[in-house]
Every structure is written in structure tokens, then in C-alpha cells.
2 protein chains.
Amino acid sequence: MKRISMIDVAKAANVSQATVSRALNTPSRVSKETLEKIINIIKETNYIYNSAAADFTRQKKTLIGLIVFTLKSSIQTGLIDGIQKEIEKTNYSLIIGNSHYDPATEHRLIQEFQERQLAGIIVAESTELNRDFLRSVHKAGIHVVLTWDKNEDPVLDSVGIDNYKASSDMTNYLIGLGHRRIGFIAGMYNKIERVRHRFEGYCDALKAADIPIDHKLIISTTPSALNGKIAMAQLLSHDPDLTAVFAASDALAFGALSAIRDKKLRVPEDISICGFDDAEFSSFCSPSLTTIHVPTEEMGRCAANVIVEKIRTGKENQLKITLDTNIIIRDSCGNPPHKK
Amino acid sequence: MKRISMIDVAKAANVSQATVSRALNTPSRVSKETLEKIINIIKETNYIYNSAAADFTRQKKTLIGLIVFTLKSSIQTGLIDGIQKEIEKTNYSLIIGNSHYDPATEHRLIQEFQERQLAGIIVAESTELNRDFLRSVHKAGIHVVLTWDKNEDPVLDSVGIDNYKASSDMTNYLIGLGHRRIGFIAGMYNKIERVRHRFEGYCDALKAADIPIDHKLIISTTPSALNGKIAMAQLLSHDPDLTAVFAASDALAFGALSAIRDKKLRVPEDISICGFDDAEFSSFCSPSLTTIHVPTEEMGRCAANVIVEKIRTGKENQLKITLDTNIIIRDSCGNPPHKK
DNA sequence: TTGAAAGCGATACCAT
DNA sequence: ATGGTATCGCTTTCAA
């Protein structure tokens, strides 16, 4: 049993294939009777329109690709959700690739997306290693939007937040509370630009306050509650003078809280903790977490809108959008304990 | 500037297009010199292989669709991550649709996927309303795998867990601890099959223990920490006799813990709480959460493998796979307090 | 309003 | 090992 195609419908309706195509795409350009006849035949025959063939003929895909580092994070999920919500309003669909923090995988995904002739690619955090490649893809006519970080790329569009500033603001907040020995737990800042910017924000804020940077207080790890707990336990056992820790993601901060409880210390009386992201759980944990709110969903929506707009208009102007973040003060930070 | 196509490469290399195609797909069937020549030309000309056109010609797509109810849940994320990890080992790509709990949207997505000629569709929780449609899609040659629930569908494959049994086991555990007034907070069991099965498991366990079902103790809401908190606050203010609450998702349970803290009650001394899912945060919150471990990632991997296998072999045998769940006992459940 | 026909970019069968 | 060519299912110009 062969699959029914447009030509079969045309024959059955005694019209040309062109007319069937018009009936489906621009019904206003077909007479009422013909339209009705065609619609009926389609129903009778269970004809399924082949949008893949249409894309092929039109020489343009209706797919947009998204590349993320990981899917296991509420933060990425918020972004994806936002992107999805905007994309689904259009006739585009979203195709997702996961690079697992690996530049080579990311490269492969970009190439694959290019070969699939996608209309556009949103990259949540490309490593700088692939920037040249992305620029060449962009030059070849596929729209590219970088997201997550306020980005200096001279060619590519970007939609992100100012990770550096948010991080330095938060560090200053801790300094303002009186802390001098402030630990820092973060993702892999050697690999991920936005995390590096957070790290730089932390360092520069300390420098500006004449606090020396102590590398024993800095831990880089894969962001997860478990790793946050491990990192915090390590800091606590090595550094009795520590009075505050800035965890550059809420998942890490959440795990850190658990390590502190295990040591029978109190937050914020004995030690202050703050996070970065404003994940859903952060306002419900105990104590609730002081953190930086990141508008992940809005960021996703914005990135999606930018790329759809670019695809539709074909404009070449570069767009750089930076969304605001702000410190959400809750219960996990306070003044440092008095020296014993 | 026109895009370079295979025919251009062929001309430049003084061979036929067929040879270029062979060079790319089955290099062993091309002489060494020819192959080399072609490779060079490709590099020089920056030719990009058009896999969309190849899919079209071959009459089969290399895309697999996934439909989820929501992306905002670590549970869905685990599933997606698992699917992704297996899919990316193959030459298929994953395209994601979000139905937002809406059957009509789900219907639209299924249709869209069918029109895109996808090789297969994984549906994380279709509403039963769309089962007929899915069966027709399956009949039309697109492989379909249902996931999340042990499923009785007579035609479609499924990979899931036994939500009913897990839920009744957990309820029995609470009953075994001595609880008689057990609240239940869950997602929308009227709309989602797996949640309904959890609800039925709870009800049947109570019945079996001769505990009457009290609808004032049952709340249905959208799963999130916030809603869990709201629901728990409501239960606490209406029902002073309540000694335990079974939240049918960890996010709800997490919010419930927060509501209990606000009332200055202790867990588990005053009230026991258990969840469902075993989300990452559940072992790090305070108290750590007794819950049901769901192998989301494995479920995703398994669903992906099933669909890829079906696509490749074209086999028609129906597969029903049920993965095991188990109760993870942590610190949030205990015996009920003594009657005052 | 409708039809005829070219074309999109590859694959794959059949020859040579 | 290589080439010629029909073909996939649709869109789109040009004519009628």
C-alpha cells in the first residue's frame, strides 16, 4: 500500500497538483467549490501533507536547533522552556542537541545542524573554541544566536546576562556584610565562558576591597547538589576561618547547605551561603537562599524571538541583548560571627 | 552566490554525481585516487552535504520526535537526558514538542510530527484522548513508544514504571508505620494517566487497610514546590489530625516541608512526608525525603533504544517494558505522634 | 482561477 | 569502479 501523495489527491479531485498545493497553502486563491472538493478528497483518502518535502522544495527548513551543555539543570530547563514557548507559536520546530560540555561534540552538532539545513541555531554557551566555526556557519546563511552570556563576539547575535557584574555585585554584598574570607564554588570556569565571567567578577570584587584571593578557597566542579556538598565539606574542613561561601549556582549552594548541617553549623549565624540562578527550590529550602535571579525563561523567549525574526526578515544587523539580573536577599546570608 | 551542491563537486572533480555520493556514503566503493580527488574538491569548495535532501530522497527521515507535558521538571529532564544520550549515539536527532498538559496541543504536535515524516515519536504521557490518533499514526508507519506508565494499550509499545504499585507500596509503608489519616497531594490525576494510577494505588491501599478515603485529604494541583506548599498549608489548617502526607512528586513534597516549617511543626516527629520521583535535591533537603526512586534516565534510554531498534528493523512485535521502582527510606517519615 | 512543467539535491538502479 | 538517469513530493513561475 503506497503512501498517498498530493498528486493522488489531485487526480481524485480532477484538478492539477498545483491547485491542491494552493488549496493547502493559500486557500484564498482557489475557488470555493474546488477547495471544498479537495478538502473532501483529502479526508476520504487520509492524505498526509509532507512538510519535509515542502521544506525541501522551498529550499528552507522550518527547524531551529538548540545546543546546550547539559539538560540536567533547572536552569537549562527554564531556558529551553522559554525557547520552546516562543518557537511553538511559529511554524518552526525545535531540535535539541546536548554537547555534554565537550567542544568536539558541540562541533559535531553544529555541523550536523548545518547539514540538516536548519534555519537557525541557538547556542546556549558555546565554548570559545567553536566561535570561528559558528561564524562560518553564520556566514553560510544560517542564523546563529549565542545565549547565556553578555557576549563580545563581533559578528554573532547574543542574548544573555552580565555574569561578571552579577557575580561582582553579589561578592560586594557579602563584603558589605563584613565578610573577608569568602569561598567560591563554581562550575568549570576554565571551560565555560559565563562561569569564567562569574569567577572574574568574584575575584575583581575581592581585589577592589583589598582582600587577597586565596586559591584554597576556590573550588571548580560540575554543578550539582552532590558536588556542592562535597566542595563545601572540603572547604569547611580546611578552613575554619571561612565565614561565607558564594556558590555560583543554586544547586551547588543547596548541596553546600547540607554539608553545613552535617557539621552542626548554622546558616547564616556561623556561615553565610549564597547562590546564583534563583532556582525554584531556592525559596523553599531552609534557610531560604540568597541568590541572583536569572530570567532564564525570558532569556529563552528573547533568544527565540531574535532568531525567528532574523530568519523571517533576513536582516543582517547584529543584535546584542543583555537582560537584567538582581540579587534576591533571603535568609542564608548575615554578618560574620564575632571572632572568638 | 549560489550554494554549492553535489553536482558542482562532481563537475569540479570530473566525475559523476553518483560517484561523489558513493564517496561520501560508501567510500569503499570508490577508487582511492577518485576518493582523494573528491575529498580535496569538497574542502576547497566548502561544500556542505545536504542531509535534508538525502532524507527526502531516501524517503525516510532521521528525526525522532518527543512529546512531553512540561519541561519544567527535573523528572522530565532526566527522561529527556536519557533519550538524548541514546539518540545521539545514532544518526538520528531529537525534536521536542511541549504539550503543556493540553490534549489539543498534543494532537497538533503529533500531526506536525507526522507531516514532518519523522521516523518515530516518543510520547511521555499522552492523554488517553489521543490514543486513537497515535494508533493511526503508528498504523501509517511511524513508530510510536509511550513512556512513563506501564501501559495497557493493545497496539503501541511502551516503556514505563508501575505507578499504581509504587504508590500503593508507599501508602502501605505509611500505614505500616501506624498512620491512619494520610493526606495525598498530586498532579492532575483527572488528566494524566500515570498520576491517576498513583492516586488509585493510594486509594486501594487505604481500602485494603480499612481506612476510609477522605476527599478533604486529597489535593490535586500542578506539581511544583510552590503548589506543594500551598496544598500542605491547606491540609494543615483544615485537618489537625493529619499525621502523614504522601506527595506524589518530590517537588510537591519539598514545598510541603516548607509549609510545615512555617507552622513550627517537626518532620517526622509531628508529621511524616514522603514524595515520589527521587529528584536530586531529595537527599539533600532537611530532613532528607523518603520517596520512590524512578529510573527516569534509564527509562529514557530504554524508550530511545526501543524506538531506534524498531525503526531499524521494522519489526512489528509489540514491546511492553516495565522498569522497577523502589522506596528510598530517608528521614522524613516516622511513626505518628501519640494521641494527645 | 487553474494547469503544465521545471526544479530542489540527493539516492540507487541499471549499464558499461 | 564509474556513469546515466529516473525518482522522491512538493512549490512556483509562466501561460492560458
Side-chain angles (χ1 to χ4, degrees), chain A residues 1-39 41-42 45-63 91 112 114-119 140-141, chain B residues 2-39 41-42 45-63 91 112 114-119 140-142:
Chain A
M1 161 185 120
K2 208 176 128 291
R3 169 170 273 146
I4 296 126
S5 71
M6 205 179 255
I7 191 94
D8 303 315
V9 175
K11 278 177 193 158
N14 261 316
V15 295
S16 74
Q17 193 182 356
T19 302
V20 178
S21 178
R22 282 185 206 108
L24 261 30
N25 291 295
T26 49
S28 63
R29 293 177 40 182
V30 172
S31 78
K32 214 178 147 195
E33 306 88 60
T34 315
L35 181 59
E36 203 168 319
K37 194 165 57 179
I38 291 172
I39 300 292
I41 300 277
I42 286 178
T45 54
N46 279 319
Y47 162 68
I48 308 286
Y49 178 77
N50 185 332
S51 62
D55 273 5
F56 173 58
T57 302
R58 285 204 188 93
Q59 297 282 73
K60 50 182 242 190
K61 293 274 110 206
T62 48
L63 287 171
N91 58 334
E112 185 189 314
Q114 188 179 21
E115 292 188 348
R116 283 190 190 278
Q117 321 283 309
L118 300 203
Chain B
K2 210 176 130 289
R3 169 169 271 146
I4 294 126
S5 71
M6 204 179 254
I7 191 92
D8 302 316
V9 175
K11 277 178 194 156
N14 260 318
V15 295
S16 73
Q17 193 182 356
T19 302
V20 178
S21 179
R22 281 185 208 106
L24 260 30
N25 291 296
T26 50
S28 63
R29 292 177 40 183
V30 172
S31 80
K32 215 178 146 193
E33 306 88 58
T34 315
L35 182 59
E36 203 167 320
K37 193 166 56 180
I38 291 172
I39 300 291
I41 299 277
I42 287 177
T45 55
N46 278 318
Y47 163 68
I48 307 287
Y49 179 77
N50 185 333
S51 63
D55 273 7
F56 173 60
T57 303
R58 285 203 190 94
Q59 297 282 72
K60 51 182 240 189
K61 292 274 108 204
T62 48
L63 287 171
N91 58 335
E112 184 188 315
Q114 188 179 22
E115 293 187 348
R116 282 191 191 277
Q117 319 288 136
L118 300 204
I142 297 183

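Below, chains carry the letters A, B, ... as their sequence lines are ordered, and counting in each starts from 1. Fair warning: this is a prediction, and the values are worked out from it, not measured in the lab. Computed from heavy atoms alone, side chains included, the values below leave out hydrogens, waters and symmetry copies.
Distance from the side chain of Ala54(B) is smallest for dT11(C) among the nucleotides dG3(D), dT11(C), dG9(C). Side-chain proximity of Val15(B) to dT2(D), dG3(D), dC10(D): nearest is dG3(D).
Here the P atom of nucleotide dT13(D) and the CG atom of Asn25(A) are 13 Å apart, to the nearest Å. Between the NZ atom of Lys11(A) and the C1' atom of dC10(D) there is a distance of 15 Å, given to the nearest Å. One interatomic measurement links the two molecules: CE of Met6(A) to P of dC8(D), which rounds to 15 Å at whole-angstrom precision. Put simply, NZ on Lys37(B) is 12 Å from C1' on dA1(D), counting in whole angstrom units. In this structure, CD1 of Ile38(A) is placed 13 Å from P of dT1(C), rounded to the nearest angstrom. Between the CD1 atom of Ile7(A) and the P atom of dG3(C) there is a distance of 11 Å, given to the nearest Å. Taking atom NZ on Lys61(A) and atom C1' on dC10(D), their separation rounds to 11 Å, with Å as the unit. Atom CZ of Phe56(A) is separated from atom C1' of dT7(D) by 11 Å (rounded to the nearest Å).
The shortest heavy-atom contact between Gln117(A) and Arg3(B) is OE1-NH1, 3.4 Å. Nearest heavy atoms, Phe56(B) versus Lys61(B): N-NZ, 4.2 Å.
Nearest-nucleotide mapping onto DNA chain D: of Val20(A) and Ala53(B), the residue sitting toward the 5' end is Ala53(B). The residue among Asp55(A) and Ala18(B) whose nearest nucleotide of DNA chain D lies closer to the 5′ end is Ala18(B).
At a threshold of 4.0 Å, the pair Glu36(B)-Lys32(B) does not count as salt-bridged, since none of the basic side-chain nitrogens sits closer than that to a carboxylate oxygen.
Within 3.5 Å, no donor on the side chain of Ser16(B) pairs with an acceptor on the base of dG4(D), nor the reverse. The base of dG3(C) is paired with the side chain of Arg22(A) by a donor and an acceptor separated by under 3.5 Å. Between the side chain of Gln17(B) and the base of dA10(C), a donor-acceptor pair under 3.5 Å is found.
In terms of modelled atom types and a separation under 3.5 Å, the side chain of Ser21(B) and the main chain of Gln17(B) share no donor-acceptor contact. Side-chain atoms of Ser16(A) come within 3.5 Å of backbone N or O of Thr19(A) as a donor-acceptor pair.
At least one side-chain nitrogen or oxygen of Thr34(A) sits closer than 4.0 Å to the OP1 or OP2 atom of dT2(C). Between Ser31(B) and dT2(D) there is a side-chain polar atom (N or O) within less than 4.0 angstrom of OP1 or OP2. Thr57(B) has no side-chain polar atom (N or O) that falls below the 4.0 Å cut-off from OP1 or OP2 of dC8(D). Taking 4.0 angstrom as the limit, Gln59(A) places a side-chain polar atom (N or O) nearer than this to OP1 or OP2 of dG9(C). Residue Tyr47(B) places none of its side-chain N or O atoms closer than 4.0 Å to OP1 or OP2 of dG9(C). OP1 or OP2 of dT1(C) has not a single side-chain nitrogen or oxygen of Arg29(A) nearer than 4.0 Å.
Of the N and O atoms on the side chains of Thr62(A) and Asn91(A), not one donor lies less than 3.5 Å from an acceptor on the other residue.
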